[in-house]
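Residue numbers start at 1 and run along the sequence shown. Note that these values count all heavy atoms, side chains included, but never hydrogens, waters or copies made by symmetry.
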Amino acid sequence: MAEAALYDTYSRAPLRFERGEGVWLITETGERYLDFGAGVAVTSVGHGHPHVVGALKEQADKVWHLSNIYEIPGQEALAKRLTEATFADKVFFTNSGAEALECAIKTARRYQFSKGHPERFHIITFEGAFHGRTLATIAAGGQEKYLEGFGPKAPGFDQVPFGDVDAVRGAITSETAAILIEPIQGEGGVRPATNAFLKALREICDENGLLLIFDEVQTGVGRTGKLFAYEWSGATPDIMAVAKGIGGGFPLGACLATADAASGMKAGTHGSTYGGNPLAMAVGSAVLDVVLADGFLQQVRDVSLVFRQGLASLKDRYPDIIEDVRGEGLLLGVKAAVPSSELLQAIRAAHLLGVPAGDNVIRLLPPLIVTADEAREGLVRLERAAEGLRASKVKKTA
């Protein structure tokens, strides 16, 4: 009866989790699952992290919500930490990744408007992209399955093939304002952009007076082994959208920008009722305490190496089940040689959680606190799933 009262927009797995501990989720009946989905790369520091929980409880005893009519010290403090750790000079806080992308899009368009070019509002995006579920962000992503039935596609987004420099250059017109890209396409199948391509986009933007926007909603806050994925490439954006891991499970996003890129966003041009509320600021700051601690990101890289090597071994031993392994850090994708839905079902049966993606890929996104031993346990469960699928295939052909 409770399910019937909800919108029918999700195809939910028949699992009901009651609590979490670190990298584990526990069902109402006490079954333990190794959580390598992390709420789609959200629970960055695991379930029930004592420092983050403590920060939330402490703030909850003070004040939950303040309108942005007033100064909010927590915003100032978290924004300062983010700008000190990145390319950015300015931060706008949101509740989600889609809202962070909306802010990024508006920032880029407003920049061109303020510079005397109101005609420049088009943004070049890439095939296979996913930027959120609002009318603007589904238009930016351009995937028909998300656009269907919602009326005309919002104008101003020009899609080109992912990784094609010539196509990008060919798409630039007198109306182009910016280029928007995920350093690694998550929903699109864990497809990384090469460093050379990202550097080329930076050069193209500089040559043509465009802004470069990175969507780091999924790749940010340590997911790839650096605080943000752009650090691997040497290509620095003008605007960056962040969410998911920055709140560790609390709804929090942010749009970061250089002072110049944000120069058109004057008082009254944008706003948010809940964005930057004191609870979110306390949690976001606590997450940064963990992620920026000495040795944390190195540990992410070390565990990633163990995990990646193990996945490569499974690919070699089960080529009929695993076709390819992709990604960076703890944003990894297993391209299945069988329907990915079958592999996802098999790993769930082994009490391992992953996340489906495009291109027949399963994403493996463990909390960043995962240990090497826990990564190995995940590999054991993935191998059990692969073995079961192989046996099933043999049985069907016998």
Side-chain angles (χ1 to χ4, degrees), residues 20 22-23 25 35-53 55-56 78-79 81-82 85-86 88 91 93-101 103-104 130-132 182-187 190 192 214-232 237 240-256 275-276 279-293 296-301 303-304 307 327-333 353-355 357 363-371 374-375:
V23 300
L25 280 171
D35 183 10
F36 279 21
V40 194
V42 167
T43 47
S44 51
V45 295
H47 300 284
H49 193 289
H51 179 63
V52 179
V53 171
L56 179 62
L78 184 53
R81 296 184 72 182
L82 287 169
T86 68
V91 181
F93 289 110
T94 69
N95 308 293
S96 68
E99 290 179 35
L101 262 300
C103 180
F130 181 83
H131 297 297
E182 301 158 275
I184 301 174
Q185 287 191 341
E187 176 79 14
V190 191
F214 278 6
D215 176 348
E216 291 231 29
V217 168
Q218 190 161 155
T219 56
V221 196
R223 178 55 55 183
T224 67
K226 296 279 191 181
L227 185 60
F228 291 102
Y230 79 82
E231 298 175 54
W232 290 108
M240 182 170 69
V242 182
K244 290 188 181 288
I246 193 173
F250 196 93
L252 172 59
C255 179
L256 281 64
L279 290 174
M281 297 301 92
V283 172
S285 186
V287 168
L288 281 189
D289 289 342
V290 177
V291 174
L292 293 178
F296 184 88
L297 292 173
Q298 183 61 53
Q299 173 73 3
V300 171
R301 295 192 289 271
V303 174
S304 171
F307 197 26
E328 190 74 56
L330 293 175
L331 171 51
L332 298 173
L353 302 177
V355 179
R363 279 172 283 182
L364 297 174
L365 311 160
L368 305 182
I369 59 162
V370 66
T371 65
E374 289 164 338

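- Between the E216 side chain and the M240 main chain, no donor and acceptor come within less than 3.5 Å of each other.
- At least one side-chain heavy atom of V370 sits less than 4.5 Å from a side-chain heavy atom of F36.
- Counting all heavy atoms, side chain and backbone alike, S96 lies closest to A243 at C-CB, 3.8 Å.
- Nearest heavy-atom pair, E374 versus T371, reported as atom, atom and distance to 0.1 Å: OE1-N, 2.9 Å.
- Partners of S285 under the side chain to side chain donor-acceptor pair (under 3.5 Å) rule, at least two apart in sequence or in another chain, are R81.
- Of all non-hydrogen atoms in A100 and C255, the two that sit nearest each other are O-CB, 3.9 Å.
- Applying the side chain to side chain contact (heavy atoms under 4.5 Å, CB included) test to A375 and every residue at least two apart in sequence or in another chain returns V303, F307.
- Smallest separation of non-hydrogen atoms from E328 and I184: CB-CD1, 3.7 Å.
- In this structure, OG1 in T219 is found 14.0 Å from NZ in K226, a value given to the nearest 0.5 Å.
- Residue D215 comes nearest to H131 through the heavy atom pair OD2-ND1, 2.8 Å, listed as atom of the first residue, atom of the second, then distance.
- When all heavy atoms are compared, the tightest approach of A41 to Q218 is CB-CG, 4.0 Å.
- Side-chain contact between L25 and H47: present, with at least one pair of heavy atoms (C-beta onward) separated by less than 4.5 Å.
- Side-chain contact between V291 and L227: present, with at least one pair of heavy atoms (C-beta onward) separated by less than 4.5 Å.
- Between the CZ atom in F228 and the CD1 atom in I246 there is a gap of 6.0 Å [rounded to 0.5 Å].
- In this structure the side chain of V45 reaches within 4.5 angstrom of the side chain of V52, judged on heavy atoms.
- Residues forming a side chain to side chain contact (heavy atoms under 4.5 Å, CB included) with L279 (at least two apart in sequence, or on another chain): L56, Q59, A60, W64, F250, N277.
- For T224, the side chain to side chain donor-acceptor pair (under 3.5 Å) partners two or more places apart in sequence, or in a different chain, are W232.
- With values rounded to the nearest 0.5 angstrom, D289 atom CG is found 11.5 Å from F296 atom CZ.
- Looking at R223 and L330, their side chains come closer than 4.5 Å, going by heavy atoms from C-beta outward.
- By the side chain to side chain donor-acceptor pair (under 3.5 Å) test, Q299 pairs with no residue at all, sequence neighbours left out.
- Of the inter-residue distances, the one linking S44 atom OG with L365 atom CG reads 12.0 Å to the nearest 0.5 angstrom.
- Not counting sequence neighbours, R301 has no partner by the salt bridge (charged side-chain N to carboxylate O under 4.0 Å, His left out) test.
- Every side chain to side chain contact (heavy atoms under 4.5 Å, CB included) that A79 has, sequence neighbours left out, goes to V91, F93.
- Shown here are the salt bridge (charged side-chain N to carboxylate O under 4.0 Å, His left out) partners of E187, two or more places apart in sequence or in another chain: R363.
- Contact check for L82 versus L288: side-chain heavy atoms found under the 4.5 Å cut-off.
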**Prompt:** side-chain contact (heavy atoms from CB on, under 4.5 Å) between L252 and M281: does it pass, once the steps are laid out?
**Reply:** CA-CA 8 Å; L252 172 59; M281 297 301 92; 3.6 Å; yes
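- Annotation: ring pair (Phe, Tyr, Trp, His ring centres under 6.0 Å) contacts of Y230 (sequence neighbours excluded): F87.
- Scanning for side chain to side chain contact (heavy atoms under 4.5 Å, CB included) contacts around P367 gives V23, A38, T43, I369, with sequence neighbours left out.
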